**Q** 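First the structure, which I've put down as structure tokens, then a few questions once you've had a look.
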Amino acid sequence: MSASLIPAGIAVATRDLDLAGVFLCALLGGAVARTAGLDLFGFLVVGIISGLAET
């Protein structure tokens, strides 16, 4: 019997979708920081926080 009940293809697909979601949320945070007129540090902080808060 297999140790995992989830097929490998589904696990890879969900991981890829999760990473895409993190990337898109980070881009959205960067767009918000740009419209707010933040400097590079603020841009990075907002982008990282919004990317990690995706869950």
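What you are looking at is a predicted structure, and each value in this text was computed from that prediction instead of being measured.
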**Q** Return all side-chain donor-acceptor pairs below 3.5 angstrom for residues 22-29, not counting sequence neighbours, or 'none' if the list is empty.
**A**
none

**Q** List for me each residue that meets side-chain contact (heavy atoms from CB on, under 4.5 Å) alongside V32, sequence neighbours excluded, and say none if there are none.
**A** none
**Q** Given a cutoff of under 4.5 Å between side-chain heavy atoms of I, L, V, M, F, W and Y, with clusters grown through shared members, what are the other residues clustered with L44?
**A**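 Other cluster members: L40.
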**Q** Within the structure provided, determine whether V12 and R15 are in side-chain contact (heavy-atom separation under 4.5 Å).
**A** yes
**Q** What are the two closest heavy atoms between G42 and A33, and how far apart are they?
**A**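 Minimum heavy-atom contact is O-CB, 4.4 Å.
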